[in-house]
*Asks:* 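Just dropping this structure here.
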Amino acid sequence: MSRKFADLHVRCDIGPDGEGLRSITRRARLLGFSLLAIPLSPGTTKKRLSELKAIAEEEGIDLATRVDLAPTSRDELLSSLRRLRRKFELIGVLCQNKRVARVAARDRRVDLLSFSLEPRKRFFDRAEAELASSSNCALELDLMPLLELSVRERVRLLRRLRAEVALAEKGGIPIVISSGATEAILMRKPRELAYLASELFDMSLEEALDALSKRPLEIVERNRAKLSPDFIAPGIRLIRRGRDCPLER
Amino acid sequence: MPVREVRKRYLAIYIDGARPEKLDELEELIFSSLLRLFGEIGASKAFFKVISYDVGEGLAIIRCGHKHMGLIRAALAAITDIRGRPTALHVIDVSGTSRALRKRLPSRLADLRFIRGGGS
């Protein structure tokens, strides 16, 4: 069976009328993706979210709703999570300081951890990995912003990213590779992204492909199940309603 | 049976956005990306050459060593502009022989027309 690919971080402007989204989803489908997530404003209404999903579906793409948080304090993060968790299918947190990074890593409501492109402001160390391994957070790595850095900056960052990937693999933390594309022309085929990640981060090609297909799809599927009205608790869901359910034997 | 010292892979590439004007310019573009990401040792391992390039269609065929195809594909994905104008190089097919690749190319081009038409 062929793989289904997902890009969970397309940062393109979708425009007010949805034409931008239409063009991005069309391109994504032609490049070989079946699921896309575009960060939206936290204030986006549920009606607008359904409209965007419908537009993407017309183009043959499954759109996952995502919000990116960049809190500066623990309280700000927790309050945003309380407000937004039931509304969006994916929550990404850009960890700007160590305190936020630690809280985000151990909170089960956070799906994706991302860090600054400045190596000194990346807090994915052994302690962070241990916390993330006990919750369900994944480490998200955007590829296209890497290419916009100067050679010196990129060299320093790549050294750091290779260490983070090794740490995540050792701790069993899922790695999600995203394009991080800000324009449609920066989007690449999933296999090209996998080759790029595999060469830059010392991952095997199979792991890189999983980071673009299996891992992101698992996260979206898990969250959709949680957001479904049939969800009761992890491992328990309602399978049938109505009078025909025998209560006693 | 004699075995080739370096097995080759042929890649068909479609250039979306700004295009190099000549084959040499395309070769230089890919080579500089390869050199930037993997250095001289990586570039020497890749065993890479541009075989043909059609500027009008934006189609090129390049050759590389089978073992280090990943280097080339990573270098191609890392190219984002030509002289400041945005571009994207997409691998549309891979084959072990240039003849098989050219034979399959028309069917791959049919898919490409959609990218050209509406992918912006």
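We use all heavy atoms of the structure for the numbers below, so side chains are in, but hydrogens, waters and symmetry mates are not. Below, read A as the first sequence line, B as the second, and so on, with proteins coming before strands; counting in each chain starts at 1. This structure is a prediction, so every number in the text was calculated from the model and none was measured.
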*Asks:* Are more than 12 heavy atoms from other residues, nucleotides or ligands located less than 6.0 Å from atom NZ of Lys214(A)?
*Replies:*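 Check fails, neighbour count at 12 or below.
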*Asks:* When heavy-atom pairs shorter than 4.5 Å are enumerated against chain B, which of Leu147(A), Val155(A), Thr25(A), Leu205(A) gives the highest number?
*Replies:*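 The candidate making the most pairs under 4.5 Å is Leu147(A).
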*Asks:* Does any part of the side chain of Ile72(B), heavy atoms only, come nearer than 4.5 Å to the side chain of Glu199(A), both counted from C-beta?
*Replies:*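 Glu199(A) vs Ile72(B): side chains apart.
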*Asks:* I need the minimum non-hydrogen distance between Asp16(B) and Ile185(A), along with the two atoms involved.
*Replies:* O-CD1, 3.7 Å
*Asks:* If you count heavy atoms of other groups shown closer than 6.0 angstrom to CZ of Arg126(A), is the number above 12?
*Replies:* no
*Asks:* Under 4.5 Å heavy-atom distance to chain B, tell me which part of Met187(A) shows up: side chain, backbone, both or neither.
*Replies:*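 Backbone of Met187(A) only, per the 4.5 Å heavy-atom cut-off to chain B.
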*Asks:* Given heavy-atom pairs under 4.5 angstrom as the criterion, report whether the side chain, backbone, both or neither of Arg29(A) touches chain B.
*Replies:*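 For Arg29(A), there is no contact with chain B at all, as no heavy atom is under 4.5 Å.
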*Asks:* What's the separation between atom CG in Leu89(B) and atom CD in Glu192(A), rounded to the nearest 0.5 Å?
*Replies:* 9.5 Å
*Asks:* Around atom CD of Glu221(A), are there more than 12 heavy atoms of other residues, nucleotides or ligands at under 6.0 Å?
*Replies:*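 No.
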*Asks:* Could you have a look at Pro86(B), Ala78(B), Gly42(B), Ala75(B) and say which one has the most heavy-atom pairs with chain A under 4.5 angstrom?
*Replies:*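 Answer, by heavy-atom pair count under 4.5 Å with chain A: Ala78(B).
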*Asks:* Heavy-atom count check: over 12 atoms from other residues, nucleotides or ligands less than 6.0 Å from Arg215(A) CZ?
*Replies:* yes
*Asks:* A quick test of your reading: do over 12 heavy atoms of other residues, nucleotides or ligands sit less than 6.0 Å from CD of Glu51(A)?
*Replies:* yes
*Asks:* Rounded to the nearest 0.5 Å, what's the gap from CG on Leu196(A) to CG on Leu71(B)? Could you check?
*Replies:* 11.0 Å
*Asks:* Looking at Lys189(A) and His90(B), would you say the former's side chain and the latter's main chain have a donor-acceptor pair under 3.5 Å?
*Replies:*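 Side chain of Lys189(A) to backbone of His90(B): no pair is present.
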*Asks:* Is atom NZ of Lys4(A) surrounded by more than 12 heavy atoms (other residues, nucleotides or ligands) closer than 6.0 Å?
*Replies:*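 Count not over threshold, so no.
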*Asks:* Please give me the minimum heavy-atom distance between Arg188(A) and Ile79(B), naming the atom from each residue.
*Replies:* NH2-O, 2.5 Å
*Asks:* Give a yes or no answer on whether the side chain of Arg73(B) reaches the backbone of Tyr195(A) with a donor-acceptor pair at less than 3.5 Å.
*Replies:* no
